[in-house]
Each structure stands twice: as C-alpha cells, then as structure tokens.
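Input: a single structure, listed below in structure tokens.
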Amino acid sequence: MTNATRVTPAPTPATPPLTRRLAAEAAGTLLLVFALVGAASYTAVFPDAGNAIGVGLLGVALTLGLTLMVAASTFGPISGGHFNPAVTVGLAVAGRHRWAEVVPYAVAQTIGGVLGAGALLLIAGQGDRDFLAATLDSGFASNGFGPMSPGGFSLLGVAVAETLATALFVTVILRVTGGDGSPVPPPIAIGATLTILLLTLIPVSNASLNPARSLATALYAGPGWLAQWWAFLVFPVLGAVLAGLGARVLRRG
C-alpha cells in the first residue's frame, strides 16, 4: 500500500479589521495630500517664479507619483491602497470592493486629506508672516474651472479632462492589480500613470482625479474654491464608474 502525501493548501491571508484598513486609508491619503500640496504650495516656485530652485510642474507631478508608490507599498497590503474615493467606487463597480465599505473608506480618505492639508497650513504659519496668507490667496493648490483654472479652462474642458483621466487611472489600477498580474510591480505602474496624468492636467484643473484631495484644500482655500468642489466629486467618480464598467465588460469577453 502506497502512502499518499497530503498537500495542505496555503492559508488565505485574513482580511485586516475594517478599523485598521480605514486607518491605513486615512494615513495614506494624509501622506499624498501633504506631499502633493506641499510641493505645489511650498517648492514649485520657491521662493518666487523667477527662482530656479523651484521644482516646477514636473517636480510636483513626480512628487505625487513617487509618494503614491511609497503609500501603496506601505499601506496597500493593509487596505488595498485606494487613498481616493473615486478609486474605491471604481473598484466597487468592478466587483473588487464591497459596496458597504465605500462610504467608510471615503470618509477615512477625506479625514486623512483634511489633516494633511491642515498640517501644511500649520507649518506655513510658522514661516514668514506673509507666507501663510500668500499660500491661501493663491488657492492652496485647489482645483477649479473657469477663472479658477490655472489655464482658464471651461467647465466642459475640465469635465472631459477629469472624467477621462480618472477613467484611465482606475483602468490601470484594475489591470495591474487584477488576476492577469503585471510584469511591473503595481505601485510603480500606478505611480507612473498618476505622474503622467498630472503633467497633462495641472494647467487644466490643477489635476484632481481625487475628491478627497480636492475637498481637503478647498475647505481651507475659501468659499469660492469650495463652491466648485462638486465638479471634482462628480467627474472623477464618473470616470471611475466608467472604468469599473469597462473592467466588467472585459472580464466577460
């Protein structure tokens, strides 16, 4: 009689508790907003537009892309590394995230973003007495359309740009983290995509793609910026929904 060798399947990693995942989402979004808005407000043109020390638009875009790579690598194993309500909605539409957790994730992401922006203003208040006022007067890197768009782009232009860019961004996320895998580590592919999209959209809308990031700065920048936040909720979420629906179609094909 031959002794059969019993193969024990590898245990499936347990999903972390929701509270831990929400904390990871808040921390990751705080990091993203702190780095992105800090680079845009503090170092993009430091100390003024005529100084070569400033990192410019390329530096701002690279800051966010690199920060996303770090945040996704650090907090992604805990929460999935969304850091963006639109991404969470897109994943839910694609069947990759529970609908019951969409709102808690979005709330945690928004809290993290608001705290990150608030920390930047606290720091700004400790510098030159005019630095804080100048930061807020410039819009605090908030997103806008019409006269509040960096390039004066209309609402229609911003709507198309934010919807399309978010759809592309979420599509990349769904593809590189899906069952087919990716030859490139997902955080690198996702961070590089976000860098490219920011380089395209900063002149159009200051590049949102993320309702939590947009609300975080608009709350401090003032009523005019806050009044336009709806566009940076609606159009990124619309783009994410389209990406999620597209993923379902591809999966069935």
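What you see is a predicted model; the values in this text were computed from it and never measured. Quick note: residue numbers are just sequence positions, from 1.
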For Leu22, is there any backbone N or O sitting under 3.5 Å from a side-chain donor or acceptor partner on Ser79? no

For the backbone of Ile78 and the side chain of Arg20, can you confirm whether one donor and one acceptor N or O come within less than 3.5 Å of each other? no

Note: Thr171 and Ala243 closest approach over all heavy atoms is OG1-CB, 3.5 Å

Under 3.5 Å, is there a donor-acceptor pair linking the side chains of Asn143 and Ser205? no

Taking all non-hydrogen atoms of both residues, which atom of Val102 and which atom of Ala92 are closest, and how far apart? CG2-CB, 3.8 Å

Side chains of Ser41 and Thr135: donor-acceptor distance under 3.5 Å anywhere? no

Quick check: do Trp99 and Val93 have side-chain heavy atoms less than 4.5 Å from each other? yes

Leu121 and Leu136, any side-chain heavy atoms less than 4.5 Å apart: yes

In the structure I gave you, are the side-chain heavy atoms of Val87 and Ile173 within less than 4.5 Å of one another anywhere? yes

Atom pair OG1 (Thr177) and CD1 (Ile190), whose distance is rounded to the nearest 0.5 Å: 6.0 Å

Within-4.5 Å side-chain heavy-atom neighbours: Val60 and Leu64: no

So, taking the atom named OG in Ser142 and the one named CG in Asn206, what distance separates them when rounded to the nearest 0.5 Å? 8.0 Å

Any Leu209 side-chain heavy atom under 4.5 Å of Val170 side chain: no

Does some side-chain heavy atom of Phe235 sit less than 4.5 Å from a side-chain heavy atom of Val160? no

Give every donor-acceptor pair under 3.5 Å between a side-chain atom in residues 68-75 and any protein atom, sequence neighbours left out.
from  : atom 1 : to    : atom 2 : distance (Å)
Ser73 : OG     : Met69 : O      : 2.8
Thr74 : OG1    : Val70 : O      : 2.8

Does some side-chain heavy atom of Phe232 sit less than 4.5 Å from a side-chain heavy atom of Leu215? no

Atom CG in Leu30, atom CZ in Phe83: separation rounded to 0.5 Å? 11.0 Å

Check: Gln228 side chain, Phe145 main-chain N or O, donor-acceptor pair, under 3.5 Å: yes

Same cluster or not: Tyr220 versus Trp229, using hydrophobic residues (I, L, V, M, F, W, Y) connected whenever any side-chain heavy atoms lie under 4.5 Å apart? yes

Taking a hydrophobic cluster as the set of Ile, Leu, Val, Met, Phe, Trp and Tyr residues connected by side-chain heavy atoms closer than 4.5 Å, whether directly or through intermediates, do Val234 and Leu197 fall within one such cluster? yes

Identify, with sequence neighbours excluded, every residue that meets side-chain contact (heavy atoms from CB on, under 4.5 Å) alongside Glu101. Leu18, Arg21, His97, Arg98, Tyr105

Check Leu155 against Ala231 and note the closest heavy-atom contact, atom names and distance. CD1-CB, 4.2 Å

Near Arg175 CZ, under 6.0 Å, is it more than 12 heavy atoms from other residues, nucleotides or ligands? no

Validation row: Trp225, Leu219 side chains within 4.5 angstrom (heavy atoms): no

Roughly how far, to the nearest 0.5 Å, is the CG atom of Leu36 from the OG1 atom of Thr217? 8.5 Å

Quick one: pull up CZ in Phe169 and CD1 in Ile196 and give me the separation to the nearest 0.5 Å. 11.5 Å

Check: Gln109 side chain, His82 main-chain N or O, donor-acceptor pair, under 3.5 Å: no

Taking Asn84 for the side chain and Ala212 for the main chain, is one N or O donor matched with an acceptor at less than 3.5 Å? no

